[in-house]
Amino acid sequence: MSTLQFIVDNFNEVMYLSWEHIWIVGVALLIATPIGVILGIIITKHEQFASRVLNGANILMTVPSIALFGLMLPVLAIVNMGLGKVPAVIALILYSQLPIIRNTYTAIKNVPPSLVDAGRGMGMDKWKLLRELEIPLAIPVIIAGLRTAAVMNIGIAAIATYIGAGGLGVYIQQGIARVYPEMILSGAILVSLLAIVVDGGMAILERFATPEGIKVQRKLAR
Amino acid sequence: MIRLLIKLYRISIAVIILIAGVTFERTGLIELLSDPYEYPVIMELFMQHLYMVTLSMTFATVIGITAGVLLTRKRFRRYAGICMYIIGLGQTIPSLAVLALAMSFLGIGTKPAVFALTIYSILPIARNTLAGITAVPPELIEAGKGMGMPPIKILMEVEIPNAMKVILTGFRVALIINIGTAALAYVIGAGGLGDLIFTGISLMQTDKLLAGAIPVTLLALFADFLSELLGIVLISRGLRLSD
């Protein structure tokens, strides 16, 4: 109850920190999505790079987040950006690559070859096939990848408060430092709530983005 | 064109290694590592880190697999859906929040850190055990029944070996997350390599920072590699060949 009181008492600050958190994750996703989707499409067209790119993204994902911040700090310190929002956004972009690339790759690989043949038979060229057939069919799976990336990024952005990026992690950091349980709890609850809400929102988006044809097909299969 | 790209890729890796070497020398990392007073401290922190990870992973694997197996038994199967949902929600909670919550209930030190790591690692293991066993083809289980196997034998000789690949993926994910989260355990007073990273960040001491960040990264990469090796040992040969 005292946690709720804390949130009500500091409502303006809570709103500001939430907005900061959403801003970091949002900017990172906005930059990461085109990079990931384009890389994913390239490796479906040039198979020989597929395992290399996916392995590279997998290694990036394996690096622990606080270690990645630590490794980037001396490098970015050269241009005076070792601390703050810039390294946080860069790290989130790197972490988002694996789910986005992997999902784009598998989704486009799983487009039925009969449909591609049909498109080709209608005289579509490579670009048109990609734009009008492969991408629309792959969109739900790509958004599922974005959803994984978004939820993961919200958690990592909470850690980024230790390199001065701000966001809701500030409450956890300050709460631990001051041994102030209400502050820790409100930080932890708000970050989790944000993750759950974004997860649910992306699930709805996934349903909306599914082409009508696939929905009908699923209904018939049932 | 492609050959050129591959050559470029190799050259860039060589350049990165070279730059890394120069940076280590410049930042004084090599000096720090060869310091007879600093080296034992780093080793001790490393052992602390390893201790936390090993202990929590052992608990998490036992509890996670048991929970996953129990949820696929006939008596508990109807709770599987709701449990999956709760686990899914649990995984959206950030690792730092789990650590902080453990601290606010259990105080500071290694104990709450191991507790938080265990809880956080159970989730992927339990979920993958559940998913793996559910995905075992029913005809295999029928065949086992037809051969007169009792349920425990079906579990040990049919279901678990067939689900092993998925279970191992869960174990791998849990292990990697665990190593990363153990680096954060410093903030609740549990030590580990995070000690060096956080101190390095707040003092802007690059050598200390790298002395923590590089071993953690290598540990995570090594754990990833180790899980792959574990797959060769634990997954039966027939299943590996069918891939």
Side-chain angles (χ1 to χ4, degrees), chain A residues 46 48-49 52 56 58-59 61-75 77-78 82-83 150-164 168-169 171-173 175-177 179-185 187-200, chain B residues 2 5-6 9 19-20 23 26-27 29 88-101 103-105 107-108 172 176-184 186-189 193-194 196-198 200-202 204 206-210 212-221 223-225:
Chain A
H46 301 273
Q48 67 268 41
F49 297 125
R52 229 172 231 166
N58 194 21
I59 288 174
M61 187 83 151
T62 311
V63 179
S65 44
I66 189 71
L68 186 62
F69 294 138
L71 291 175
M72 284 194 315
L73 210 155
V75 181
I78 299 169
L83 297 172
V151 171
M152 197 180 62
N153 279 354
I154 288 173
I156 298 170
I159 298 166
T161 173
Y162 281 97
I163 55 165
L168 285 166
Y171 275 159
I172 302 178
Q173 179 204 16
I176 290 173
V179 199
Y180 188 176
E182 282 81 20
M183 204 173 191
I184 302 176
L185 267 173
I189 290 171
L190 286 169
V191 175
S192 312
L193 215 61
L194 187 63
I196 291 168
V197 167
V198 168
D199 194 45
Chain B
I2 283 154
L5 271 177
I6 290 174
Y9 171 78
I19 292 175
T23 330
R26 278 279 177 81
T27 53
L29 179 65
L89 278 185
Q91 275 186 321
T92 57
I93 300 175
S95 49
L96 186 62
V98 175
L99 277 173
L101 288 176
M103 188 196 92
S104 56
F105 294 121
I108 56 169
R172 206 189 92 197
I176 303 289
I177 293 176
N178 195 316
I179 292 173
T181 311
L184 298 174
Y186 162 74
V187 299
I188 62 166
L193 286 165
L196 294 166
I197 303 177
F198 282 102
I201 290 176
S202 35
M204 270 312 264
T206 315
D207 51 351
K208 216 162 215 177
L209 197 158
L210 289 178
I214 292 171
V216 172
T217 310
L218 290 180
L219 192 64
L221 291 176
D224 190 37
F225 174 69

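If you're wondering where the values come from, they're calculated on a predicted model, not measured in any experiment. Here is the naming used below: chain letters follow the sequence lines, and residue numbers restart at 1 for every chain.
Distance check: B/Met103 CE to A/Ile176 CD1 gives 5.5 Å after rounding to the nearest 0.5 Å. Here the straight-line distance linking atom OG of A/Ser192 with atom CD of B/Gln91 works out to 13.0 Å at 0.5 Å rounding. Within the model, atoms CG of B/Leu96 and CD1 of A/Ile159 stand 5.5 Å from one another, a figure rounded to the nearest 0.5 Å.
With a 4.5 angstrom heavy-atom cutoff, A/Thr62 touches chain B via backbone and side-chain atoms both. Heavy atoms of A/Phe69 lying under 4.5 Å from chain B are absent altogether. Looking at A/Ile172, only its side chain comes within 4.5 Å of chain B, counting heavy atoms on both sides. Looking at B/Ser95, only its side chain comes within 4.5 Å of chain A, counting heavy atoms on both sides. Interface residue A/Ile59: backbone and side-chain heavy atoms are both found under 4.5 Å from chain B. At a 4.5 Å heavy-atom cutoff, the contact between B/Leu210 and chain A is made by side-chain atoms alone. Using a 4.5 Å cut-off between heavy atoms, A/Gln173 does not touch chain B at all. Interface remark: A/Leu73 contributes side-chain atoms only to the contact with chain B (heavy atom separation under 4.5 Å). In this structure, the portion of B/Ile197 lying under 4.5 Å from any heavy atom of chain A is its side chain and not its backbone. For a residue to count as touching a neighbouring chain, one of its non-hydrogen atoms must lie under 4.5 Å from one of that chain's; by this rule A/Leu168 does not touch chain B. B/Leu209 touches chain A through its side chain: at least one heavy atom from C-beta onward sits under 4.5 Å away, while N, CA, C and O do not.
If you tally non-hydrogen atom pairs under 4.5 Å between each of B/Leu184, B/Asp224, B/Ile6 and chain A, the highest count goes to B/Leu184. Put simply, of B/Ala100, B/Ser104, B/Gly200, the one with the most heavy-atom pairs under 4.5 Å next to chain A is B/Ala100. Chain B forms the most heavy-atom pairs under 4.5 Å with one residue out of A/Ile66, A/Leu68, A/Ile184, and that residue is A/Ile66.
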Decide yes or no on side chain to side chain contact (heavy atoms under 4.5 Å, CB included) for A/Leu83 and B/Ile201, but give the supporting numbers first.
CA-CA 9 Å; A/Leu83 297 172; B/Ile201 290 176; 4.2 Å; yes
Would A/Leu185 and B/Leu101 count as a side chain to side chain contact (heavy atoms under 4.5 Å, CB included) if you check the C-alpha gap in whole Å, the side-chain angles of each, and the deciding distance to 0.1 Å?
CA-CA 7 Å; A/Leu185 267 173; B/Leu101 288 176; 3.1 Å; yes
For side chain to side chain contact (heavy atoms under 4.5 Å, CB included), just list the numbers for B/Val187 and A/Tyr162, CA-CA rounded to whole Å, side-chain angles, deciding distance to a tenth of an Å, and then say yes or no.
CA-CA 10 Å; B/Val187 299; A/Tyr162 281 97; 3.2 Å; yes
Going through the distances and angles, do B/Leu5 and A/Phe49 end up as a side chain to side chain contact (heavy atoms under 4.5 Å, CB included)?
CA-CA 10 Å; B/Leu5 271 177; A/Phe49 297 125; 3.9 Å; yes
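Here A/Asp199 pairs with A/Arg147 under the side-chain hydrogen bond (donor to acceptor under 3.5 Å, both in side chains) rule; sequence neighbours left out. Residues satisfying the side-chain hydrogen bond (donor to acceptor under 3.5 Å, both in side chains) criterion with B/Asn178, sequence neighbours excluded, are B/Ser56, B/Ser121.
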